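Since the model is a prediction, treat every value here as computed from it, not as a measurement.
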Amino acid sequence: MDVNFDLTVIWAFIIAFGVFAYVVMDGFDLGIGILFPSFKVGEGRNRAMNSIAPVWDGNETWLVLGGGGLFAAFPLAYAIVLPATYPLIIAMLLGLVFRGVAFEFRWRDPAHRPFWDLAFSGGSFVAAMAQGMTLGAILQGIEVSNRAYAGSWWDWLTPYTLLTGLGVVAGYALLGATWLVWKLDGTPQAHAYKVAKRAAVATLVLLVAVSLYTPLLDEDYWTRWFEMPNVLFAAQVPLLTAILAFLLFRALAKRHEAAPFWFALGIFLLGMAGLGVSMWPYVVPGEVTIWDAAAPERSQIFMLVGVALTLPLILIYTGWAYWVFRGKVGHEGYH
């Protein structure tokens, strides 16, 4: 039992790591797509897209790790969450397909470039919005009966999920803007500074709104955040978020280049910590814990061997790709 307990927790953290890695790497990628219409046609858009051209197609690796890991390590949770969010998952995948196709065809079909720009931006927005609404749908609760989803096709569509969706869109826009601050120079960089400040304000406003709304969804959430002694631990999350927000705005005001991106990532990391405070140890809040949903111990051990071999290789390859293409993006770019 102790071994199974440890393995289950390890797998929970592996999936959480995969999700955070996806947010880090595909988040600023999607954010650039969301901000794309605000950049001028020509140099601004071309250099913004070139800043992610060498690495964008490897970012979904982490989405596969998170989704595939959930299916393999917590099959019951997968079987409940997916039917509850099918429309959102389909919308996300279609958005990723459209933006991926647009990424390539934009350069090879200049006659229809405005259409591909729209597909790139629209696909990015839809994918980000769907991811945020999926998170909201899980947090607000999923109706379960006899270890299966018992709700309707539209249970995911509520004011709360719209709020979480917009929060993720704003957060990804912040990551995208701070990434461009780091990677660009000249007029495009000046524009990136401007939109980064706006995205930071929107992100923090929506983060506060979601944080105030979430404890009202369920008594357990309220207990974890506001009752003693839990509040002594939980209060550190908003406190640290406020400190990082101050550092972010100061870094933008002082025209720092790399620091704003790392502060924005720190805010996202604290957002995941807040999510953990709300949900732990449930994978389907109020219904299924990680131990209820876990695969058999033997399966977890078998998969853990595979992850132990492949995860370091993915990290090394990813780190190497970012190192090779470090520095500012020139006018000629990657394509």
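Here the closest non-hydrogen pair linking Ala199 and Ala173 is CB-C, 4.0 Å. In this structure, Gly132 and Thr164 approach most closely via the heavy-atom pair O-OG1, 2.9 Å. The minimum heavy-atom distance between Ala72 and Ala295, with the atom names listed, is O-CB, 3.4 Å. Across all non-hydrogen atoms, the minimal contact from Ile15 to Ala73 is CD1-CB, 4.4 Å.
No donor-acceptor pair under 3.5 Å is formed between the side chain of Glu104 and the backbone N or O of Gly100. Using modelled atom types, one side-chain atom of Ser51 and one backbone atom of Ala48 make a donor-acceptor pair closer than 3.5 Å. Proximity of a side-chain donor or acceptor of Thr178 to a complementary backbone N or O of Leu175 within less than 3.5 Å is detected. Proximity of a side-chain donor or acceptor of Arg113 to a complementary backbone N or O of Pro110 within less than 3.5 Å is not detected. Judged purely by atom type and a 3.5 angstrom limit, His191 uses its side chain to pair as donor or acceptor with the backbone of Ser38.
Residues that satisfy the ring-ring contact (aromatic ring centres under 6.0 Å, His included) test with Trp222, not counting sequence neighbours, are Phe226. Evaluation of the ring-ring contact (aromatic ring centres under 6.0 Å, His included) rule for Phe115 yields no partner, not counting sequence neighbours. Ser145 pairs by the side chain to side chain donor-acceptor pair (under 3.5 Å) definition with nothing, not counting sequence neighbours. Contacts of Trp154 classified as ring-ring contact (aromatic ring centres under 6.0 Å, His included), with partners at least two apart in sequence or in another chain: Trp156. Remark: Tyr282 engages no residue in a side chain to side chain donor-acceptor pair (under 3.5 Å) (not counting sequence neighbours). For Arg45, the salt bridge (charged side-chain N to carboxylate O under 4.0 Å, His left out) partners at least two apart in sequence or on another chain are Asp117. Looking at residues two or more places apart in sequence or on another chain, you find no side chain to side chain donor-acceptor pair (under 3.5 Å) involving Trp11. Partners of Tyr322 by ring-ring contact (aromatic ring centres under 6.0 Å, His included), not counting sequence neighbours: none found.
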Enumerate donor-acceptor pairs with a distance under 3.5 Å from any side-chain N or O in residues 207-221 to protein atoms, sequence neighbours excluded.
{"from": "Ser211", "atom 1": "OG", "to": "Leu207", "atom 2": "O", "distance (Å)": "2.7"}
{"from": "Thr214", "atom 1": "OG1", "to": "Tyr160", "atom 2": "OH", "distance (Å)": "2.7"}
{"from": "Thr214", "atom 1": "OG1", "to": "Val210", "atom 2": "O", "distance (Å)": "2.7"}
{"from": "Asp218", "atom 1": "OD1", "to": "Asp220", "atom 2": "N", "distance (Å)": "2.7"}
{"from": "Tyr221", "atom 1": "OH", "to": "Leu139", "atom 2": "O", "distance (Å)": "2.7"}

Mind listing the side-chain donor-acceptor pairs of residues 18-34 below 3.5 Å, one per line with the distance, residues two or more places apart or on another chain?
{"from": "Tyr22", "atom 1": "OH", "to": "Asp26", "atom 2": "OD2", "distance (Å)": "2.7"}
{"from": "Tyr22", "atom 1": "OH", "to": "Gln131", "atom 2": "NE2", "distance (Å)": "2.7"}
{"from": "Asp29", "atom 1": "OD1", "to": "Arg99", "atom 2": "NH1", "distance (Å)": "3.3"}
{"from": "Asp29", "atom 1": "OD1", "to": "Arg99", "atom 2": "NH2", "distance (Å)": "2.5"}
{"from": "Asp29", "atom 1": "OD2", "to": "Asn59", "atom 2": "ND2", "distance (Å)": "3.2"}

N/O donor to acceptor pairs below 3.5 angstrom from side-chain atoms of residues 244-268, sequence neighbours left out:
{"from": "Glu257", "atom 1": "OE1", "to": "Lys328", "atom 2": "NZ", "distance (Å)": "3.1"}
{"from": "Glu257", "atom 1": "OE2", "to": "Gln189", "atom 2": "NE2", "distance (Å)": "2.9"}
{"from": "Glu257", "atom 1": "OE2", "to": "Lys328", "atom 2": "NZ", "distance (Å)": "3.3"}

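Within 6.0 Å of CZ in Arg298 there are 12 or fewer heavy atoms belonging to other residues, nucleotides or ligands. Within 6.0 Å of OH in Tyr193 there are more than 12 heavy atoms belonging to other residues, nucleotides or ligands.
Taking the side chain as every heavy atom from C-beta outward, Leu118 and His112 never approach each other to under 4.5 Å. In this structure, the side chains of Gln300 and Leu304 stay at 4.5 Å or more apart for every pair of heavy atoms. Under the 4.5 Å side-chain criterion, counting only non-hydrogen atoms from C-beta, Val81 is in contact with Val284. Side-chain atoms of Val277 and Phe233, non-hydrogen and from C-beta on, do get closer than 4.5 Å to each other. Here the side chains of Ile138 and Met279 are in contact, with some heavy-atom distance below 4.5 Å. Contact annotation: the side chain of Arg47 never approaches that of Phe39 to less than 4.5 Å [non-hydrogen atoms, C-beta and beyond]. Considering only heavy atoms from C-beta on, Phe98 stays 4.5 Å or farther from Val126 through its side chain.
Hydrophobic cluster membership differs between Ile90 and Ile80, with clusters built from Ile, Leu, Val, Met, Phe, Trp and Tyr side chains linked at under 4.5 angstrom. Leu94 and Tyr86 fall into different hydrophobic clusters, where Ile, Leu, Val, Met, Phe, Trp and Tyr side chains are chained together by heavy-atom contacts under 4.5 Å. Ile10 and Val307 fall within a single hydrophobic cluster, where Ile, Leu, Val, Met, Phe, Trp and Tyr side chains are chained together by heavy-atom contacts under 4.5 Å. Residues Met303 and Leu313 do not share a hydrophobic cluster, defined by chaining ILVMFWY side chains whose heavy atoms lie under 4.5 Å apart. The hydrophobic cluster containing Leu174 does not contain Leu206, counting ILVMFWY residues as joined when their side-chain heavy atoms lie under 4.5 angstrom apart, directly or transitively.
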Quiz prompt | Audit row: Thr134, Ile89, side chain to side chain contact (heavy atoms under 4.5 Å, CB included) steps and yes/no | solution = CA-CA 8 Å; Thr134 300; Ile89 300 301; 4.3 Å; yes
Practice problem: Show your working on side chain to side chain contact (heavy atoms under 4.5 Å, CB included) between Gln236 and Leu270 and close with a plain yes or no. | Solution: CA-CA 10 Å; Gln236 307 309 310; Leu270 288 170; over 6 Å; no
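Sorted by first and then second residue, the salt bridge (Lys or Arg N to Asp or Glu O under 4.0 Å) pairs involving residues 277-296 (not counting sequence neighbours) form an empty list.
Atom CG of residue Leu184 and atom CH2 of residue Trp179 lie 10.0 Å apart, to the nearest 0.5 angstrom. Note that the CH2 atom of Trp62 and the CD1 atom of Ile314 stand 5.5 Å from one another [nearest 0.5 Å].
When each of Leu166, Leu163, Val168, Leu162 is checked for a side-chain contact (heavy atoms from CB on, under 4.5 Å) with Met133, only Leu162 meets the rule.
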